[in-house]
Amino acid sequence: MLPSRMSVYVHFPYCLEKCPYCDFVSYKTPRESIDHRAYADAVLTELASRAPALAGRTIGSVFFGGGTPSLWEPRELGRVVAAIRARGAGDVEVTVECNPTSLDRARADALAEAGVNRLSIGVQSLRDPELRFLGRLHDARGALEAVRSALASNVGRVSADLIFGLPDQSPAEAARQAGELADLGLRHLSCYQLTIEPRTRFGELAKRGRLPLADDGAVAEAFLAVEEALASRGLRHYEISNYAAPGEEARHNLGYWRGEEYLGLGCGAYGFAREGRGAGVRWRNRILPDEYMQNASNPTTEREPLDAEALLRERIMLGLRVAEGLDLAAAGDDLGVDPMTPERRRTIDALVARGRLEVDGARLRIPPRAWLFADDTAARLF
């Protein structure tokens, strides 16, 4: 039986500055050069063209990512929210990614009035030297002010992002920053290890040996230190990079990790839909804003058919990221394949013997202390 729940992702491609570690589709653009209404019109045009993908499905979450969606005028963003809700939204979680330089109490309240009920703030660090290294436009004081403003606003839920594993950052310092953010009253935190992507400024510097990098051992210790600091404050480590108080988990991201469908709208957005029991398709939109807006009724440039085995591999890769793990038998039944091949059984037994995997009936999960090896563990099960 095909799923009836779908999430929606809306990409906003404009930023005031391009961060050196970012490989997302985003373009440095002055505020005054952003055509807020034209971009909203384009997204609405695309939404109308993709109406068949929403047939029979309930929208459970909407996520505005970027780029810097908090730069988008709330009135125009609100038009998109209203149109998506009109297409079959239930009790919908509506999240907007925000940078501290474009978020204050007035902007947060305006977003709430536009239908947003969750903000995700790109704090990244609470130390000015680290923020300068990361190419961020805000300072630590601005980050804290943005979080406090969001918590005091009419938006119901607030999360913050933090990057650890920075050069010369001790595990204790990473834990201190995570704890300081939680102590502000945040009930959700995303804590990411700094990763170096090849098509970024950091990637180029690393290739030439000119980028300082943290020691792998220190990164692993920071991962565990952050977990301990947040656990002591009642935030459960429910996904490799995410912590939440009970009931405050990000519904949108949980949908991804559980293999649910998602409708991608906007410049550079990805989407995924099922096409029968054991098949699906993933698509990607044009990556240049002007080209996207000129072709909004037919913006797709890439389509990737996915068979049952490809879908199962994605279920394994994503499902093992969450604390609840993956019901492998249920995934196989949903996709119409036998997931327990002899080779996969042998691999599971070997991973269990090494402490890299736990088995509870048909459910597989990675013990928290082995999450640092999650990508390798999942790959071995492909």
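FYI, the numbering just counts along the sequence from 1.
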Any ion pair linking Arg274 and Glu261 (charged N to carboxylate O, less than 4.0 Å)? no

Validation row, ring centre Tyr39 to ring centre Phe12 under 6.0 Å: yes

Working to the nearest 0.5 angstrom, can you tell me the gap between Asn285 CG and Thr300 OG1? 5.0 Å

Between Arg356 and Asp376, is the closest basic N to carboxylate O distance under 4.0 Å? yes

Donor-acceptor contact below 3.5 Å, side chain His11 vs main chain Val25: yes

Say you draw a straight line from CG of Leu151 to CZ of Arg187; how long is it, rounded to the nearest 0.5 Å? 11.0 Å

Measure from the side-chain N and O atoms of Asp23 to the backbone N and O of Glu197, and report whether any donor-acceptor pair falls under 3.5 Å. no

Can you give me the closest heavy-atom contact between Ala225 and Ala175, atom names plus distance? O-CB, 3.5 Å

So which atom in Leu211 and which in Ala206 form the shortest heavy-atom distance, rounded to 0.1 Å? CB-N, 3.8 Å

Salt bridge (charged side-chain N to carboxylate O under 4.0 Å, His left out) evaluation trace for Glu130 with Arg136: CA-CA 9 Å; Glu130 292 177 351; Arg136 305 295 286 174; over 6 Å; no

Is a side-chain N or O of Arg363 found less than 3.5 angstrom from the main chain of Gly325, in a donor-acceptor match? yes

Ser33 side chain vs Thr29 backbone, donor-acceptor pair below 3.5 Å: no

Please say yes or no: joined through hydrophobic side-chain contacts below 4.5 Å, possibly via intermediate residues, are Leu328 and Val322 part of one cluster? yes

Is it true that Arg79 and Glu76 have a side-chain N and a carboxylate O under 4.0 angstrom from each other? yes

Using a strict 4.0 Å threshold on nitrogen-to-oxygen distance, state whether Glu204 and Arg201 make a salt bridge. no

Distance col, row Met317:CE vs Leu312:CG, nearest 0.5 angstrom, shows 11.5 Å

Between Leu126 and Val123, what is the shortest heavy-atom contact and its length? CD2-CG1, 3.8 Å

Check Tyr9 against Ala269 and note the closest heavy-atom contact, atom names and distance. CD2-CB, 4.2 Å

Take atom CG of Asp168 as the centre, draw a 6.0 Å sphere, and report whether it contains more than 12 heavy atoms from other residues, nucleotides or ligands. no

Keeping Arg284 on the side-chain end and Arg303 on the backbone end, is there a donor-acceptor pair under 3.5 Å? no

Could you go through Phe164 and Gln193, starting from their C-alpha distance and side-chain angles, then the distance that decides it, and tell me whether this counts as side-chain contact (heavy atoms from CB on, under 4.5 Å)? CA-CA 5 Å; Phe164 66 90; Gln193 175 188 344; 3.8 Å; yes

Please report the C-alpha distance between Arg251 and Asp91 in whole Å, then the side-chain angles of each, then the deciding distance to 0.1 Å, and finally whether the side-chain contact (heavy atoms from CB on, under 4.5 Å) criterion is met. CA-CA 11 Å; Arg251 288 187 233 161; Asp91 175 22; 3.8 Å; yes

Arg365/Glu324 ion pair, N-O < 4.0 Å: no

For the pair Thr301 and Trp283, evaluate side-chain contact (heavy atoms from CB on, under 4.5 Å) and give the outcome as yes or no after the intermediate values. CA-CA 8 Å; Thr301 58; Trp283 69 86; over 6 Å; no

Quick check: does any side chain N or O of Asp307 sit under 3.5 Å from a backbone N or O of Gly280, one acting as donor and the other as acceptor? no

Flag yes if Leu162 and Trp371 sit in one hydrophobic cluster, no otherwise; membership is Ile, Leu, Val, Met, Phe, Trp, Tyr, and two members link when side-chain heavy atoms are under 4.5 Å apart. no

Do Ser232 side-chain atoms and Leu230 backbone N/O form a donor-acceptor pair below 3.5 Å? no

With no hydrogens and no angle check, is any side-chain donor or acceptor of Asp215 less than 3.5 Å from a backbone partner on Gly217? yes

Provide the closest heavy-atom pair for Phe64 versus Val94 in the form atom of the first, atom of the second, distance. CE1-CG1, 4.0 Å

Between Glu260 (side chain only) and Tyr256 (backbone N and O only), is there a donor and an acceptor less than 3.5 Å apart? no

Is any side-chain N of the basic residue among Arg277 and Asp333 closer than 4.0 Å to the acidic one's carboxylate O? yes

Please say yes or no: joined through hydrophobic side-chain contacts below 4.5 Å, possibly via intermediate residues, are Val81 and Val10 part of one cluster? yes

So for atom CD, which belongs to Glu228, do other residues, nucleotides or ligands contribute more than 12 heavy atoms lying within a distance under 6.0 Å? no

Could you tell me whether Arg105 and Asp109 have a side-chain N and a carboxylate O separated by less than 4.0 Å? yes

Under 4.5 Å between side-chain heavy atoms, counting indirect links through other Ile/Leu/Val/Met/Phe/Trp/Tyr residues: same cluster for Leu111 and Leu265 or not? yes

I'd like to know whether CG of Asp183 has more than 12 heavy-atom contacts from other residues, nucleotides or ligands below 6.0 angstrom. yes

Is there side-chain contact between Val158 and Glu248, with heavy atoms separated by less than 4.5 Å? no

Using a strict 4.0 Å threshold on nitrogen-to-oxygen distance, state whether Arg282 and Glu314 make a salt bridge. yes

Sole candidate of Arg157, Arg258, Arg236 that passes salt bridge (charged side-chain N to carboxylate O under 4.0 Å, His left out) when paired with Glu249: Arg236

For side-chain hydrogen bond (donor to acceptor under 3.5 Å, both in side chains), just list the numbers for Thr68 and Asn99, CA-CA rounded to whole Å, side-chain angles, deciding distance to a tenth of an Å, and then say yes or no. CA-CA 7 Å; Thr68 309; Asn99 277 346; 3.2 Å; yes

CG-OG1 distance between Leu119 and Thr95, expressed to the nearest 0.5 angstrom: 8.0 Å

Judged by atom type as modelled, is there a donor-acceptor pair below 3.5 Å linking the side chain of Glu239 to the main-chain atoms of Ser241? yes

Carefully, step by step, assess Leu184 and Arg148 under the rule side-chain contact (heavy atoms from CB on, under 4.5 Å). CA-CA 7 Å; Leu184 294 176; Arg148 292 189 182 104; 3.8 Å; yes

Partner of Asp161 under side chain to side chain contact (heavy atoms under 4.5 Å, CB included), chosen from Ser125, Ser120, Cys191: Ser120

Take His237 and Phe223 through the ring-ring contact (aromatic ring centres under 6.0 Å, His included) test and state the conclusion after the steps. CA-CA 11 Å; His237 198 175; Phe223 177 85; 5.5 Å; yes

Quick one: pull up CD in Glu145 and CG in Asp139 and give me the separation to the nearest 0.5 Å. 8.0 Å

Between Leu16 and Leu103, is there shared hydrophobic-cluster membership here, with clusters defined by ILVMFWY side-chain heavy atoms closer than 4.5 Å? yes

In Å, rounded to the nearest 0.5 Å, how long is the span from CG of Leu213 to CG of Leu194? 7.5 Å

Taking the six-membered ring where the residue is Trp, are the ring centres of His188 and Tyr238 under 6.0 Å apart? yes

Would Gln124 and Tyr192 count as a side-chain hydrogen bond (donor to acceptor under 3.5 Å, both in side chains) if you check the C-alpha gap in whole Å, the side-chain angles of each, and the deciding distance to 0.1 Å? CA-CA 9 Å; Gln124 314 309 8; Tyr192 302 103; over 6 Å; no

Presence of salt bridge, Arg107 and Glu73, under 4.0 angstrom: yes

